[in-house]
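Quick caveat, the model's predicted, so the values are computed rather than measured.
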Amino acid sequence: MNLVIDAGNTSVKTAVFQNNRLLEKQNFKKENFSKEFQKIRKNFPEITKSIISSVTSGGIEMISELKKSFPVLELDNSTPVPFENRYATPKTLGKDRIALVTAAVNSFPGKNVLIIDAGTCITYDIKTAEEVYLGGAISPGLNMRFNSLHKFTANLPLVIPKPEAELIGNTTQTSILSGIINGIKMELTGTIESYRSQFEDLTVIFTGGDSQILSIPLKNSIFANSNFLLEGLNFILEFNNTQ
């Protein structure tokens, strides 16, 4: 049984896997890690190993506490992964993107896969049927766009995101909603079509915290999976356990 941890700047996501099956997942504030970890240990005493992906300095304390209970794999750019990485600057490749590509390799072996992660940023990552990671793109995420319009202008309000927006806004608020919501959806669909023109039989994975707000038509080869990053971390842990 595995414990998977994705530690961000303010919150921590945990998941418990057994035989690649997700048993439980949680999301809580970083300062509550110790208390929540003890609950996980009590509820799942069969956990034998763990992996942590951390973008925060607080990860050091988390790792120290985890190691008191079982072996811990700390994901970094030198961690062995089941794909060839052709990113020109591999040391700058985000841990989340590494995990997402690993999930694509495990779930869709021998296929061209585009992974779209709609989080703080919107990231696009492509892996080929030959299990080669080529790179992708990074653009501002949903809340980043709303906040930037408010922060970097004198009179534009901070608008709360909504799943749908009219094409023609008739107030400042609805105009902002139209520009951002419809703009991102057009970016998503346009990017997918651009990748389709270059990669045959492309499979698309749509994941991330804002993927539901930014819902796009799910065609036969487009799949929504909110657990894709956690699954990728679990696959990395299993891959390294067999090396």
Is the count of non-hydrogen atoms from other residues, nucleotides or ligands lying under 6.0 Å from [X] atom [atom1] greater than 12?
X: Lys13; atom1: NZ; result: no
X: Lys111; atom1: NZ; result: no
X: Glu46; atom1: CD; result: yes
X: Gln212; atom1: CD; result: no

[X]-[Y] side chain donor-acceptor pair, cut-off 3.5 Å:
X: Glu24; Y: Gln26; value: yes
X: Ser139; Y: Arg145; value: yes
X: Asn227; Y: Lys25; value: yes

Donor-acceptor pair, [X] side chain versus [Y] backbone, under 3.5 Å?
X: Asn147; Y: Asn143; result: yes
X: Asn240; Y: Ile236; result: yes
X: Ser211; Y: Ala118; result: no
X: Asn225; Y: Phe228; result: yes
X: Asn27; Y: Ser11; result: no
X: Asn106; Y: Phe235; result: no
X: Thr128; Y: Glu130; result: yes
X: Thr79; Y: Leu75; result: no
X: Asn43; Y: Lys39; result: yes
X: Ser64; Y: Ile60; result: no

Item checked: SG on Cys121 to CE on Met144, rounded to 0.5 Å -> 4.0 Å
Residues [X] and [Y] bridged, charged N to O under 4.0 Å:
X: Glu164; Y: Lys162; value: no
X: Glu238; Y: Lys49; value: yes
X: Arg21; Y: Glu231; value: no

Margin query: Evaluate Asn20 against Asn234 for side chain to side chain donor-acceptor pair (under 3.5 Å), listing each step before the verdict.
Written below: CA-CA 7 Å; Asn20 293 328; Asn234 185 60; 3.1 Å; yes
Margin query: Angle between ring planes, Tyr133 versus Phe83, binned at 30° and 60°: parallel, tilted or perpendicular?
Written below: perpendicular
Note to self: Any non-hydrogen side-chain atom of Glu131 less than 4.5 Å from a side-chain atom of Pro109?
What the structure shows: yes
Grab the two heavy atoms, one from [X] and one from [Y], that are nearest each other, plus how far apart they are.
X: Ile51; Y: Leu233; answer: CD1-O, 3.4 Å
X: Lys127; Y: Gly110; answer: NZ-N, 3.9 Å
X: Glu65; Y: Ser34; answer: OE2-OG, 3.0 Å
X: Ile192; Y: Leu202; answer: O-CD2, 4.3 Å
X: Pro82; Y: Val105; answer: O-CG1, 3.5 Å

Distance-only check: which donor-acceptor pairs under 3.5 Å involve side-chain atoms of residues 174-184, not counting sequence neighbours?
{"unit_1": "Thr174", "atom_1": "OG1", "unit_2": "Asn170", "atom_2": "N", "d": "3.0"}
{"unit_1": "Thr174", "atom_1": "OG1", "unit_2": "Thr171", "atom_2": "N", "d": "2.9"}
{"unit_1": "Thr174", "atom_1": "OG1", "unit_2": "Thr171", "atom_2": "O", "d": "3.2"}
{"unit_1": "Thr174", "atom_1": "OG1", "unit_2": "Thr171", "atom_2": "OG1", "d": "2.9"}
{"unit_1": "Ser175", "atom_1": "OG", "unit_2": "Gly169", "atom_2": "O", "d": "3.3"}
{"unit_1": "Ser175", "atom_1": "OG", "unit_2": "Thr171", "atom_2": "O", "d": "2.7"}
{"unit_1": "Ser178", "atom_1": "OG", "unit_2": "Glu166", "atom_2": "O", "d": "3.0"}
{"unit_1": "Ser178", "atom_1": "OG", "unit_2": "Leu167", "atom_2": "O", "d": "2.7"}
{"unit_1": "Ser178", "atom_1": "OG", "unit_2": "Asn182", "atom_2": "ND2", "d": "3.3"}
{"unit_1": "Asn182", "atom_1": "ND2", "unit_2": "Ala165", "atom_2": "O", "d": "3.4"}
{"unit_1": "Asn182", "atom_1": "ND2", "unit_2": "Glu166", "atom_2": "O", "d": "3.1"}
{"unit_1": "Asn182", "atom_1": "ND2", "unit_2": "Ser178", "atom_2": "O", "d": "3.4"}

